[in-house]
Amino acid sequence: MGDIMGNIVKVGTLDLPDLDIYARSTEAELLHLYEPDGGIFIAESPKVICRALDAGCRPISLLAEPKQLEGEGREALSRCGQVPVYVAAPEVLSQITGYPLTRGMLCAMHRPPRPLAAALCAHARRIVVLENVMNPTNVGAIIRSAAALGMDAVLLAPGCSDPLYRRAIRVSMGTVFQIPWTYDPAPLSTLRGLGFKTAAMALCDRSVSIDDPALLAEEKLAVFLGAEGDGLSPSTIAACDYTVRIPMSHGVDSLNVAAASAVAFWQLRV
């Protein structure tokens, strides 16, 4: 297993059972690990790990390249207490992904408890709602845009990819720990009860432009975004107060959902 100095464990192979969570467990297995507790997730890179720690997430262990002990990862290591820190050469870590792990550090962490949707949205003015957005890259990118462009919180309806999947965390640059989010099986009902108007991003005959003055004047607005390709369900579109489009040129009919979200958030921010 290698040399052990304090909580530093030097390894020359990923065969150690304690490294199963990094090298051999699927995202679904990590999600259900330790049930009935909340499972775990993997944060990648010192910056993202520190953002997760800022949000109160509790570390279980770390897996890092040697250079991280005194380099960029030093702050994250110093904040993780006495959890095991497994150290392996870059060529060993590359076995996890099949290519060099350029960020050089992974941290397994307990999933934090998620708030109830009504409590999350109670004092918000701009909410993002995702419906059937199954691609973790899109989920991560949308959450990053929501955090950067003035949205207050994100609700995920059933069918969405988990924001704490490793790829979603990575694409979001750790902003999944900076903007509140939670799951809601019935976001329309929740938001109506809190006095929100709802806007479905979709192409249809009754769509209004994203710069419509009525939209900008809404005190409390929830923006609904659907899956790449299929978009929002017809029932969701019909139930929303507005159907909204982004004007296009050169014969283009739509944007990728992540790109469309950034345009919408910028235009509708307060």
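Quick caveat: nothing in here was measured; it's all calculated off a predicted structure. Along the sequence shown, the residues carry numbers beginning at 1.
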Taking every non-hydrogen atom, the tightest pair across Val133 and Ala227: CG2-N, 4.2 Å
side-chain contact (heavy atoms from CB on, under 4.5 Å) between Leu62 and Val83, worked out: CA-CA 8 Å; Leu62 295 104; Val83 303; 3.6 Å; yes
Derivation of the side-chain contact (heavy atoms from CB on, under 4.5 Å) call for Val92 and Leu14: CA-CA 7 Å; Val92 175; Leu14 296 177; 3.8 Å; yes
N-O pairing of Glu219 and Arg125 below 4.0 Å: yes
Nearest heavy atoms of Ala64 and Leu93, plus distance in Å: C-CD1, 3.8 Å
Residue pair Thr198, Asp241: steps toward the side chain to side chain donor-acceptor pair (under 3.5 Å) verdict: CA-CA 5 Å; Thr198 52; Asp241 299 297; 3.1 Å; yes
Heavy-atom pair of closest approach, residues Leu188 and Ala239: CD1-CB, 3.7 Å
Heavy-atom closest contact (Pro115 atom, Trp181 atom, distance): CD-O, 4.1 Å
Residue pair His110 / Phe41: nearest heavy atoms and the distance that separates them: O-CE2, 3.4 Å
Short side-chain donor-acceptor distance under 3.5 Å, Tyr242 and Ser207: no
Check: Gln68 side chain, Arg74 main-chain N or O, donor-acceptor pair, under 3.5 Å: no
Smallest separation among heavy atoms of Leu268 and Leu216, with atom names: CD2-CD2, 3.9 Å
Side-chain donor/acceptor of Arg111 to backbone N/O of Ile40, under 3.5 Å: yes
Inter-residue atom distance Ile42.CD1 - Ile60.CD1, 0.5 Å rounding: 7.5 Å
Backbone of Lys197 reached by a side-chain donor or acceptor of Lys220 within 3.5 Å: no
Approximate separation, where rounding is to 0.5 Å, of Lys47 NZ and Glu75 CD: 11.5 Å
Flag for Tyr86-Asn7: side-chain donor and acceptor within less than 3.5 Å: no
